[in-house]
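What you see is a predicted model; the values in this text were computed from it and never measured. Within every chain, numbering begins at 1; the chains are lettered A, B, ... in the order of the sequence lines, protein sequences first and strands thereafter.
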Number of protein chains: 2
Amino acid sequence: MPTIKDVARLAGVSTATVSRVLNGEKVKEENRMRVEEAVKQLNYSTNTLARALKTNKTMTVGVIVPDLSNVFFTTIAKGIEKALHPYGYSIMVCDSDESVEGEREKIAFLKDKFVDGIIIIPAGDQQPGLKRLQDDGIPIVLVDRLIEDIQADAVLVDNTNGAYDAVEHLIVNGHRRIGLISGPRHIFVGKERLIGYERAYTDYQLSIDPEIVKYGDLHIESGYKLMNELLDLPSPPTAIFAANYYMSIGAIMAANERHINIPEELSFIGFDDIELTKVIKPPLTVVVQPMDKMGQAAAELIYKRMTGDDSGPFPAILRLKTQLIKRESVKKVNYPCL
Amino acid sequence: MPTIKDVARLAGVSTATVSRVLNGEKVKEENRMRVEEAVKQLNYSTNTLARALKTNKTMTVGVIVPDLSNVFFTTIAKGIEKALHPYGYSIMVCDSDESVEGEREKIAFLKDKFVDGIIIIPAGDQQPGLKRLQDDGIPIVLVDRLIEDIQADAVLVDNTNGAYDAVEHLIVNGHRRIGLISGPRHIFVGKERLIGYERAYTDYQLSIDPEIVKYGDLHIESGYKLMNELLDLPSPPTAIFAANYYMSIGAIMAANERHINIPEELSFIGFDDIELTKVIKPPLTVVVQPMDKMGQAAAELIYKRMTGDDSGPFPAILRLKTQLIKRESVKKVNYPCL
DNA sequence: TTGTAAGCGTTATCAT
DNA sequence: ATGATAACGCTTACAA
């Protein structure tokens, strides 16, 4: 591999001049030409390791996701990569294996690699490793959920109003008994979406039957199981809202299996618009999170910090809106009480 | 951040000695202790950049997948990571965006980062960038499919026999009219699985009706569409074999939508055992690829090459077996001709 | 066994 | 505007 010295020699200038050309500084036109020529001729490219050693910049940002085989997370990662690329930054994607410990490991790993910043979709609601990262002056952006005791920029989704919109839509369509397939009670997004559900009920002066509020673990199996539980109730809901993609899929599977006709016999609103929701019948009414935008926003935020732009408030907490896409899984019903 | 010099000073030895301790070379016991003590006290950790600059080893391998939001690929990536971790290697996952050009970019990127090896799930069947990589002496391992004009170690799946087993199982259960939802004709795995189908027909002295062999693009929508086409035929198949995970899902969706009872009215064999196949009813009989093992095998192979072990043949082509998992989506039928 | 010092490929300071 | 050179933090002959 040719080095900057080879280029300098061939171009008949010093390495300093070559470096200047390479970094777009002002150089006599003639010299610039000769250097560029030499670069091409030798097929030279900068040794990023040496540059990083000198500049303390790797032009790389680390991205930690809880599970590499979860489309929701990887889609966000793709969004980050797409947004960072134009700035010349690349990403290193890591899997924390849904554990705080795994997360700690990956943080250490990325620090070892001298990434210029870390975007993390937290696996739990604490992470001691992050504070140390901040002490080292490495910018951090949280995505999807907050972390206790940590002040950091974050890109969140307005989960509460997202859930609210769904439940409200159901209520407006005459439903009074709306089953909720929720995430874990102690988890950030689970909590927020639950609040949206409750708030809608409150605003319409309806009371909640705790029996039709179920808590799952965000995985398919869990949606499947809870849907069955709801349907087995002596007085089952007339509508279901599943507050996460995988649980939506599981729930739909359960309904299909029981030959329940949606929306004729049961109205349904799901979460997110990935893969499956494209083919499920009937076309599902869903609350969608702007995954691309989440990735993009996180990228912009960290870019700002990495380039030393400390304008604006710290921490900057972005709340992106969800969108309720109305399709064909909700039926209008008439309740005697209306 | 403390450097090796700080450690040397504190321990009262030279940097060379510190380096030796750090790299597990032989050092007087007392010195070792003092160095270790100093390391702990300063919370020192090696600057991997500096080390890599010197040694030309980053202890990182690049992994390029066609699509980060495809579970099949990311599961393999997870397998690679798990297997490489014990050796002290980490991975850098990249998304080629299912294009040869994107792949070329990522290869250049990884070369820039001086990864010690590259494991790639090719997006197409050529990639000029790889030959250059080999010329630079960077080990390459291909996963899932081969690349034209390139001699490289590879981990493949025995697609042909996998498909064969599925079709044979259907035949043995009395089916004579087996619809195939296949991948693109020009794509490696598509081709191989098609051959398996044909071979089974040949071996049982049956003839193939080209009308019930459909070619899709491996995505859900495609499975959905082709299933509908097959079912719309004047004389539809009595069984279907879908030769890829996403197309299997799409196909099942289509069947569900038409309220076709599997296996009573239609037998079905799908591909791979991820996410959905866990909840679909009835439990699906599937051909499963050993994704974990694929990742692991690729990791072992590249590790061997990275550590200069050139024993064994080159290129080493591993063919992993699939497994036919029999569940409840195939019904025995009786054909008059039997 | 240990220390000295050169060198990995850059960038950046300081003269010129 | 350019060049010489020290420095980034480490490894590794070579010498002691």
Contacts of A:K293 meeting salt bridge (Lys or Arg N to Asp or Glu O under 4.0 Å) (sequence neighbours excluded), chain-then-number -> none
Parallel, tilted or perpendicular: which fits the ring planes of B:Y303 and B:Y89, with parallel below 30° and perpendicular above 60°?
perpendicular
Terminal axes of the helix from C:dT1-D:dA16 to C:dT16-D:dA1 (5 end pairs apiece), angle rounded to 10 degrees, sit apart by 40°
ask   = Going by heavy atoms in the side chains, are B:K82 and B:K78 under 4.5 Å from each other?
value = no
If we ignore angles and hydrogens, is there a donor and acceptor under 3.5 Å between the side chains of B:D309 and B:S311?
yes
In whole angstroms, the gap separating C1' of C:dG9 from CZ of A:R9 amounts to 13 Å
To the nearest angstrom, the NZ-P distance between B:K57 and C:dC8 comes to 17 Å
Of the listed D:dA1, D:dT2, C:dG3, the closest approach to the A:N31 side chain comes from D:dT2
* **A:D67 versus A:S69, side-chain donor and acceptor atoms under 3.5 Å** => yes
* To do: Please examine the side chains of B:V61 and B:M92, heavy atoms only from C-beta on, and report whether any two atoms are closer than 4.5 Å.
  => no
A:K26 NZ to D:dA1 C1', in whole Å, measures 10 Å
Counting primed atoms, P, OP1 and OP2 as sugar-phosphate and everything else as base, the B/S/- map of nucleotides 8-16 of chain D against protein heavy atoms under 4.0 Å is BBBBBB---
In the structure I gave you, are the side-chain heavy atoms of B:L53 and B:L49 within less than 4.5 Å of one another anywhere? no
Practice problem: Classify the side-chain pair B:T58/A:K113 by whether it contains a donor and acceptor separated by less than 3.5 Å. | Solution: no
